[in-house]
*Asks:* 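Encoded as C-alpha cells, here's the structure I'll be asking about.
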Amino acid sequence: MRWNFKSKPQKEKVQALQQALQVDEIIATLLVQRGIETFEQAKEFFRPTLEDLHDPYLMKDMDKAVNRIESAIVNGENILVFGDYDVDGTTAVSLVSSYLKTITPNIATYIPDRYTEGYGVSFQGIDFADDNDFSLIIALDCGIKSVEHVQYAKDKGIDFVICDHHRPGEILPEAIAVLDPKRKDCSYPYDELCGCGVGFKLIQALGINRDQTIDDLVSYLDLVATAIAADILPITGENRVLAKFGLEVINKDPRPGIKALIQNLKKKQLTISDVVFYIAPRINAAGRIKHGDYAVRLLTEFNLEQAVEFASEIELFNADRKDLDKQITQEALLQIEKNEEGENFSTVVYQEDWHKGVIGIVASRLVENYYRPTIVFTKSGTKLAASARSVQGFDVYNALEACSEYLEQFGGHMYAAGMTLLEENYKKFKEAFEKEVKATIQPEMLTPEVSIDAEIELNEITPKLVRILKQFEPFGPQNMTPVFVAYNVIDSGYAKTIGAEDEHLKLYLKQGDSTGFGAVGFGLGNKLDNVSNRKSFDMVFSIEENEWKDVVSIQLQIRDIQNEA
C-alpha cells in the first residue's frame with residue numbers, strides 16, 4: 001500500500017484558527033485541510049442548522065414545476081412518480097409520493113424493471129401512464145437525457161417534471177420543468193445534491209406554498225440521508241446539513257420501513273458508514289434480485305407490523321444477492337487464473353449466466369483482489385452487458401471512449417461505468433481495453449493508496465480530541481474520517497489474529513510511555529509477524545469509539561503497517 005501524505009496547510013492559517021477556536025494544533029490542521037479557515041466557517045461546519053438549507057426557488061424551473069403540480073392537484077389529475085431502481089431512485093420516489101399523498105389521493109409510483117426496461121425513463125413506463133390515465137409524470141434521479149421519451153409522452157398528452165442530478169447533455173428534454181442543479185443555466189448555490197435531494201427541494205417548495213416550514217418536512221430526511229450515503233456524495237454544504245439531520249431521524253424516529261430494516265442491528269447510534277454498508281445494500285437488493293417496487297413498498301409503509309414483513313422479504317433478497325456475489329466472484333477469479341491473466345493491467349471477464357444485478361458488486365470485489373481497472377460482462381438479451389470499476393486516479397470512462405468502436409453504448413464516470421456490446425466484439429474489445437489501460441495507466445496507480453491527514457503521537461489521543469473528532473461527522477467524500485500516521489509503535493505482547501480465517505489483527509499498542517490503546521486491523525492478519533515480539537513499526541490508522549457490553553472505549557483502526565527498513 002502506498003502512503004500518500006496530504007500537503008501541510010500554511011502554518012499561519014493553522015495558528016490563526018487554533019487561536020480563534022482555542023483547539024489543539026491537530027484539530028486546526030484538519031479543519032484548514034478541509035477548507036475551513038475562519039471562526040464563522042468552523043461554526044457552520046460544527047453547528048449546521050436547517051436554516052442553512054437554500055431557498056428551493058433558487059433552482060431553475062422550480063416555479064414551473066410547482067405550478068404544474070399544483071394545477072394537477074386542483075384538477076384532480078393522476079400523477080405518476082417515476083424513479084430509478086437503485087437507492088437514490090427508490091428513496092426519491094418514496095419521498096415525493098408519500099408527501100404528495102398527504103395532499104391528494106391520485107398518486108401512483110413506477111420503478112422500471114432493471115432487466116426488461118433498463119435504467120431511466122422507459123417507453124414502457126410512459127405506455128403504463130397512458131393506459132392508466134396519468135397526465136403528469138414526475139421523474140426522479142433520471143430523465144435529464146430522456147429527450148425522445150419526453151417527446152413520446154408529450155405526443156400522448158402527458159407532461160413531465162424532471163428532478164435529476166446527473167450531468168445534462170447538449171439538449172434538454174422538452175419537459176414542463178427540468179430541475180437539475182448541474183444545468184449550466186441554473187445558478188442554484190449547491191450542485192452536489194442526489195436525486196432524492198432534488199426531490200426534497202421540490203417538496204420544500206410545495207411546502208412553502210402550503211405555509212409549511214422546514215420543521216414540517218424533517219421526517220423525510222431519513223430517506224435523503226440514505227440516498228446521500230448510498231451515492232457516496234460529498235458531505236459538504238447542503239448535503240452535510242441534510243445528512244446530519246437525516247441521520248438524527250434514522251437514530252431517533254425513522255419511518256417504519258427503515259426501523260424494520262435496522263431493528264436487528266445492535267448499535268445504538270448509526271453512522272453514515274452504517275447506512276452505506278447496512279441499510280443501502282438491502283434497499284438496493286430489491287432492484288438487483290427482484291424489483292425496485294419492493295423497496296418503495298417498504299419505505300412508504302406506515303404500519304410497523306407490515307413493514308417488518310416487507311423488510312424480511314428484502315432480507316431474503318439481500319441474502320440471495322450475497323450468495324450470488326460470492327459465487328460469481330469465485331468463478332471470475334478462477335477464470336482469471338485459468339486464462340493466466342494475473343499479470344495483466346486490466347481485468348475483463350465474461351460468463352453468460354452471471355446475474356446482471358450483481359456484476360457491479362463483483363467488479364468491485366475483483367478490484368479488491370487485483371488492484372486494476374475491471375469490467376465484468378454477462379449476457380443480456382441478444383447482447384452482452386457489463387459493469388466497470390476503476391482504481392484511484394484512473395479514468396475508466398476515457399478508456400472506454402478509446403475503445404468505443406467495439407461498444408454499442410456506454411455511460412458513466414471516472415470510477416464506474418456500464419456498457420453493452422455484441423458478443424462477436426467481446427474479444428476485440430477485451431484486447432483493445434487491455435492495450436489502452438497498459439498505455440495510459442501510471443504504474444503507481446496499480447498499488448492501493450491510503451491518504452494521510454497528519455502525524456500524531458499516541459499520547460495526544462485524549463477523550464477531548466475524540467469528542468471533537470466526532471463533531472466532524474457525518475464523514476464522506478471531501479470530509480473523510482481523519483487518517484493519522486504514528487511512528488515507532490509497539491504491541492504490548494497482545495498481538496493475535498481473529499476472524500474465521502485469521503484475517504484480522506488485534507493488538508494493544510504503546511508508543512514510548514504513552515497510554516495503551518486497543519487496536520484492530522481488518523484484513524491485516526497477514527501482518528502478524530510484522531508486529532510480534534515487540535517489534536517496532538509505523539502505522540496508518542483512524543480513531544474510533546468502540547462499544548462493547550455498554551462500555552465505550554477509544555480504539556485505533558489500523559489501515560496499514562510498515563516496519564522500518
*Asks:* Just do the salt bridge (Lys or Arg N to Asp or Glu O under 4.0 Å) check on Glu174 and Lys154 with the steps written out, would you?
*Replies:* CA-CA 9 Å; Glu174 286 188 22; Lys154 208 173 178 182; 2.9 Å; yes
*Asks:* Treating Arg240 as the side-chain partner and Glu473 as the backbone partner, does any N or O pair qualify as donor plus acceptor under 3.5 Å?
*Replies:* yes
*Asks:* Does any part of the side chain of Leu217, heavy atoms only, come nearer than 4.5 Å to the side chain of Tyr99, both counted from C-beta?
*Replies:* yes
*Asks:* Just checking, is any N or O donor in the side chain of Tyr415 or Asp395 under 3.5 Å from an acceptor N or O on the other one?
*Replies:* no
*Asks:* Could you tell me if Asp127 and Tyr152 have a donor-acceptor pair between their side chains, going purely by distance under 3.5 Å?
*Replies:* yes
*Asks:* Could you grab the distance from atom CD of Glu436 to atom SG of Cys403, nearest 0.5 Å is fine?
*Replies:* 5.5 Å
*Asks:* Is the backbone N or O of His291 less than 3.5 Å from a side-chain atom of Asp113, with the two atoms forming a donor-acceptor pair by type?
*Replies:* no
*Asks:* Using a distance-only test with no angle check, is there a side-chain donor-acceptor pair under 3.5 angstrom linking Glu77 and Asn106?
*Replies:* no
*Asks:* Checking Tyr406 against Glu431: is there a side-chain donor and acceptor pair closer than 3.5 Å?
*Replies:* no
*Asks:* If we ignore angles and hydrogens, is there a donor and acceptor under 3.5 Å between the side chains of Asp353 and Gln351?
*Replies:* yes
*Asks:* Backbone N or O of Ile336 within a donor-acceptor pair of the Asn339 side chain at under 3.5 Å?
*Replies:* no
*Asks:* Using 0.5 Å steps for rounding, measure from the NE2 atom of His413 to the CG atom of Asn398.
*Replies:* 13.0 Å
*Asks:* Do the side chains of Ile289 and Asn318 get nearer than 4.5 Å, heavy atoms only?
*Replies:* no
*Asks:* Can you name the closest pair of heavy atoms from Val367 and Thr374 and give their distance?
*Replies:* CG2-OG1, 3.5 Å
*Asks:* Classify the side-chain pair Lys201/Gln204 by whether it contains a donor and acceptor separated by less than 3.5 Å.
*Replies:* yes
*Asks:* How close do Ile375 and Ala388 get, counting heavy atoms only, and between which atoms?
*Replies:* CG1-CB, 3.8 Å
*Asks:* For Asp164 and Ile144, indicate whether the former's side chain and the latter's backbone hold a donor-acceptor pair under 3.5 Å.
*Replies:* yes
*Asks:* Any side-chain donor paired with an acceptor under 3.5 Å for Glu331 and Gln335?
*Replies:* no
*Asks:* Test: side-chain hydrogen bond (donor to acceptor under 3.5 Å, both in side chains). Region: residues 83-98. Which pairs qualify, not counting sequence neighbours?
*Replies:* Asp88-His165
*Asks:* Roughly how far, to the nearest 0.5 Å, is CG of Leu136 from CZ of Phe160?
*Replies:* 9.0 Å
*Asks:* Would a distance-only check, ignoring hydrogens and angles, find a side-chain to backbone donor-acceptor pair under 3.5 Å from Asp325 to Arg321?
*Replies:* no
*Asks:* Does the side chain of Arg255 come under 3.5 Å of the side chain of Ser219 through a donor N or O and an acceptor N or O?
*Replies:* no
*Asks:* Counting only heavy atoms from other residues, nucleotides and ligands, does the tally under 6.0 Å from CD of Gln41 exceed 12?
*Replies:* yes
*Asks:* With a 4.5 Å limit on heavy-atom distance, are the side chains of Leu261 and Ile283 in contact?
*Replies:* yes
*Asks:* Is the NZ atom of Lys427 crowded by more than 12 outside heavy atoms at less than 6.0 Å?
*Replies:* no
*Asks:* I need the minimum non-hydrogen distance between Arg288 and Gly357, along with the two atoms involved.
*Replies:* NH1-O, 2.6 Å
*Asks:* Assess whether atom NZ of Lys156 is packed by more than 12 heavy atoms of other residues, nucleotides or ligands within 6.0 Å.
*Replies:* yes
*Asks:* Contact between Thr378 and Leu384 at the side-chain level, heavy atoms closer than 4.5 Å - yes or no?
*Replies:* no
*Asks:* Side chains of Ile279 and Asp274, heavy atoms from C-beta outward: is any pair under 4.5 Å?
*Replies:* no
*Asks:* If you measure from the Lys or Arg side-chain nitrogens to the Asp or Glu carboxylate oxygens, is any gap between Arg210 and Glu70 under 4.0 Å?
*Replies:* yes
*Asks:* Give a yes or no on whether the backbone of Leu421 and the side-chain of Asn425 come within a donor-acceptor separation of less than 3.5 Å.
*Replies:* no
*Asks:* Would you check if the side chain of Asp133 reaches a backbone N or O of Ala129 as a donor-acceptor pair within less than 3.5 Å?
*Replies:* no
*Asks:* Taking atom CZ as the centre, does Phe277 end up with more than 12 heavy-atom neighbours from other residues, nucleotides or ligands that are less than 6.0 angstrom away?
*Replies:* no
*Asks:* Where the side chain of His149 meets the backbone of Ser122, is there a donor-acceptor pair that is under 3.5 Å apart?
*Replies:* no
*Asks:* In terms of heavy-atom contacts, does CZ of Arg2 have more than 12 from other residues, nucleotides or ligands at under 6.0 Å?
*Replies:* yes
*Asks:* At their closest point, which heavy atom of Gly89 faces which heavy atom of Asp141, and how far apart are they?
*Replies:* N-OD2, 3.3 Å
*Asks:* Tell me whether Arg34 is salt-bridged to Asp453, with the criterion being a basic N under 4.0 Å from an acidic carboxylate O.
*Replies:* yes
*Asks:* I would like to know whether Phe200 and Tyr220 meet ring-ring contact (aromatic ring centres under 6.0 Å, His included); could you show each step before the answer?
*Replies:* CA-CA 8 Å; Phe200 182 78; Tyr220 296 92; 7.4 Å; no
*Asks:* Let's go through Trp354 and Leu324 carefully: what are the C-alpha distance in whole Å and the side-chain angles of both, what is the deciding distance for side chain to side chain contact (heavy atoms under 4.5 Å, CB included) to 0.1 Å, and is it a yes or a no?
*Replies:* CA-CA 8 Å; Trp354 285 343; Leu324 280 166; over 6 Å; no
*Asks:* Answer yes or no: does atom NZ of Lys290 have more than 12 heavy-atom neighbours from other residues, nucleotides or ligands under 6.0 Å?
*Replies:* no
*Asks:* So which atom in Pro234 and which in Tyr190 form the shortest heavy-atom distance, rounded to 0.1 Å?
*Replies:* O-OH, 3.6 Å
*Asks:* Using only heavy-atom distances, determine whether the side chains of Asp323 and Gln327 contain a donor-acceptor pair under 3.5 Å.
*Replies:* no
*Asks:* Using side-chain heavy atoms (C-beta onward) and a distance below 4.5 Å, is Ile162 in contact with Leu172?
*Replies:* no
*Asks:* Please find out if less than 6.0 Å separates the ring center of Phe317 from that of Tyr294.
*Replies:* yes
*Asks:* Parallel, tilted or perpendicular, judged at 30° and 60°: which one describes the rings of Tyr110 and Phe128?
*Replies:* tilted
*Asks:* When you look at NZ of Lys101, are more than 12 heavy atoms from neighbouring residues, nucleotides or ligands closer to it than 6.0 Å?
*Replies:* yes
*Asks:* Could you tell me if the side chain of Cys186 sits less than 4.5 Å from the side chain of Met59, heavy atoms only?
*Replies:* yes
*Asks:* Would you call the rings of Tyr188 and His54 parallel, tilted or perpendicular, where under 30° means parallel and over 60° means perpendicular?
*Replies:* perpendicular
*Asks:* Should Glu423 and Lys379 count as an ion pair when the cut-off is N to O under 4.0 Å?
*Replies:* yes
*Asks:* So, are Asp180 and Lys182 salt-bridged, with charged N and O less than 4.0 Å apart?
*Replies:* no
*Asks:* Counting only N and O atoms by type, is there a donor-acceptor contact under 3.5 Å from the side chain of Ser146 to the main-chain atoms of Val150?
*Replies:* no
*Asks:* Give me the atom names and distance for the closest heavy-atom approach of Ala205 to Val66.
*Replies:* CB-CG2, 3.7 Å
*Asks:* For residues Arg372 and Asn344, is any side-chain donor paired with an opposing acceptor at under 3.5 Å?
*Replies:* no
*Asks:* Does the side chain of Thr420 come under 3.5 Å of the side chain of Glu408 through a donor N or O and an acceptor N or O?
*Replies:* no
*Asks:* For Ile228, run the side-chain contact (heavy atoms from CB on, under 4.5 Å) check against Leu242, Val275, Leu247 and tell me which one passes.
*Replies:* Leu242
*Asks:* Side-chain contact, heavy-atom cut-off 4.5 Å: Phe82 with Val93?
*Replies:* no
*Asks:* Please say whether the positively charged group of Arg282, taken as NZ for Lys or CZ for Arg, lies over the ring of Tyr278, i.e. under 6.0 angstrom from the six-membered ring centre and within 45 degrees of the axis.
*Replies:* yes
*Asks:* Tell me if a side-chain donor or acceptor on Asn209 pairs with a main-chain N or O of Leu206 at a distance below 3.5 Å.
*Replies:* no
*Asks:* Could Glu313 and Arg297 be called an ion pair, given the rule that one side-chain N must be under 4.0 Å from one carboxylate O?
*Replies:* yes
*Asks:* On the 0 to 90° scale, with breaks at 30° and 60°, tag the Phe475-Phe472 ring pair as parallel, tilted or perpendicular.
*Replies:* tilted
